[in-house]
There are 2 protein chains.
Amino acid sequence: MEATATGVRAQAKQAMLEAILTAARRQLAEVGPAALSVRAVARDVGMASSAIYRHVASRDELLTLLITDAYEDLGAAIETAESEAERGDYAGRFRAAALGARCWALAEPHRYALVYGSPVPGYIAPEATIGPATRGTAVFARILVDATAAGTVTHVSRSQIGHAVLVPQVMHEFLPGVSIELAALGVLCWAEIFGLISFELFGHLVGSVADNEAFFDAGVSEMVDRLGFG
Amino acid sequence: MEATATGVRAQAKQAMLEAILTAARRQLAEVGPAALSVRAVARDVGMASSAIYRHVASRDELLTLLITDAYEDLGAAIETAESEAERGDYAGRFRAAALGARCWALAEPHRYALVYGSPVPGYIAPEATIGPATRGTAVFARILVDATAAGTVTHVSRSQIGHAVLVPQVMHEFLPGVSIELAALGVLCWAEIFGLISFELFGHLVGSVADNEAFFDAGVSEMVDRLGFG
DNA sequence: TCGCAAGTGCGAACAGCGTGCGCAGATGCT
DNA sequence: AGCATCTGCGCACGCTGTTCGCACTTGCGA
């Protein structure tokens, strides 16, 4: 069989890993990252706990896989939300992307906490996570790039931003043509969006904010205004 | 002895609890919240692990104590930072408070993660933590109140904020006289400040922002401007 | 087609964890 | 002075992550 040229065994291994990840995702949703246990996952997939280690090096690697998985998923959610807005409506695209992120977070609180909460494993994020992490961010970057290219961005930069604040390579790769001021404003908004979501999800708004959705919307409206999107 | 009227025993118990907390704080700073273990704390204070339970009901309660402890400490840091600014300089007071929060967080990353990261115990914050949590927030609230009373606040509210967004009791208790718009703006800024700190501390700015301090300053400057402080 | 090496799973084991229980000694209160 | 309460200890249970040696299957090269 040519289809399995690269090894029918490798294919089975891949499937097994997928089963493990599926079980781990379920565990994660039920008990949270801190209580996720390799043994419970093994029980779930019907294997001895030690057998898990044929597919995953350690509990930390399992968590890392779940992290990149969550990043991908969140990124995809932001992408599809944003893609449903009119291309030329930069404010609408920004709003949709932000709302998409919040909706995903509300639907998957534990996975959100995994990526945007305090780092849980050792507490140093492996290199492997930085790739998928950019997927959602890239959506916001594209909006700034497109708006700049269209010349419709009319933001006022009140505070002067030093040219050395942002990493140049990021500017060139993800934000070509965007002014330093708008780029910095964008990164600030990016941080604010996830700050708002985290505050809501982690309970810091309880007792202060009555309508979380309206509050988030108000924040996004402020950002849109600040960025200079009509 | 009159001084020990309320019980020399209770005093010893209090001292023991303090010793436990001190050891726990040390453990926390070294290995982080996830790896904090009752047994290690017991070893540190020279007791059997089971004896800890005479003073603390569970590991979760120990963490809760550390959380309120951290809230108090952070609140105190914000207070002293803010108190060193000119009373009539509302922008300066705001800036000082925000910077104070960031400095404390950088100095005590694990304790910061404990309070502003993903909730670690069960994942529901006990009631006991909401009191100390307000200490730092109250500083920011007072600045808004004072600025409003002085009539020097000239913020422009671009997005209309519904009156039902914030909890009325909080408005009356912590923000008397402050307009809904400014209050909402204040809460947004509050969330943004800790969003920025969290992003920096949890590594989400790595690769994008070159100068964390300048970036934070730029964000705070934006906020000051938005709030309408000169 | 056969045989071997690699892959894969299992069970036992170790160290460490949170936590409950029963016992013993110290000690403040009456 | 005596008692009840407090405090600490050792042991135990069940859980965890992880390793190791053993068996068994099975794809692949000859």
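Only this structure's heavy atoms are used, side chains among them; waters, hydrogens and symmetry mates stay out. First the proteins, then the strands, lettered A, B, ... as listed; each starts at 1.
- Rounded to a whole Å, the OH atom of B/Tyr53 is 5 Å from the C1' atom of C/dT19.
- Closest contact between the side chain of B/Ala51 and the listed nucleotides C/dC10, D/dT7, D/dG8 involves D/dG8.
- Here D/dT16 is the nucleotide among D/dT18, C/dG18, D/dT16 with the atom lying nearest to any side-chain atom of A/Ser37.
- Each of D/dT18, C/dC10, D/dT16 was ranked by its minimum atom distance to the side chain of A/Arg43; first place goes to D/dT16.
- When all heavy atoms of B/Ser58 and B/Tyr53 are compared, the closest pair comes out as CA-CE2, 3.9 Å.
- In this structure, B/Met16 places its CE atom 18 Å from P of C/dA26, rounding to the nearest Å.
- The distance from atom CE of B/Met47 to atom P of D/dC6 is 17 Å, rounded to the nearest whole Å.
- Between the side chains of B/Ser118 and A/Tyr112, no donor N or O sits under 3.5 Å from an acceptor N or O.
- Close to D/dC6, at under 4.0 Å from its OP1 or OP2, lies no side-chain N or O of B/His55.
- Look at CD1 on A/Ile52: it is 14 Å from C1' on D/dT16, rounded to the nearest Å.
- Comparing A/Arg54 and A/Leu36 by the nucleotide of DNA chain D whose heavy atom lies nearest to each, the residue mapping closer to the 5' end is A/Leu36.
- No salt bridge links B/Glu82 with B/Arg142; every basic N to acidic carboxylate O contact stays at or beyond 4.0 Å.
- Between A/Phe199 and B/Tyr116, the angle of the ring planes stays under 30°, which puts this pair in the parallel group of the 30/60° scheme.
- Between the side chain of A/Ser83 and the main chain of A/Thr80, a donor-acceptor pair closer than 3.5 Å is present.
- Between B/Glu61 atom CD and C/dG20 atom P the separation is 12 Å, expressed in whole Å.
- Distance NZ (A/Lys13) to P (D/dT25): 19 Å, rounded to an integer number of Å.
- Atoms CZ (B/Arg39) and C1' (C/dA15) sit 11 Å apart, rounded to a whole Å.
- Look at CG on B/Leu17: it is 11 Å from P on D/dT7, rounded to the nearest Å.
- One cannot find a donor-acceptor pair under 3.5 Å joining the base of C/dG9 and the side-chain atoms of A/Ser50.
- Not a single donor-acceptor contact under 3.5 angstrom links the side-chain atoms of B/Arg59 to the base of C/dG18.
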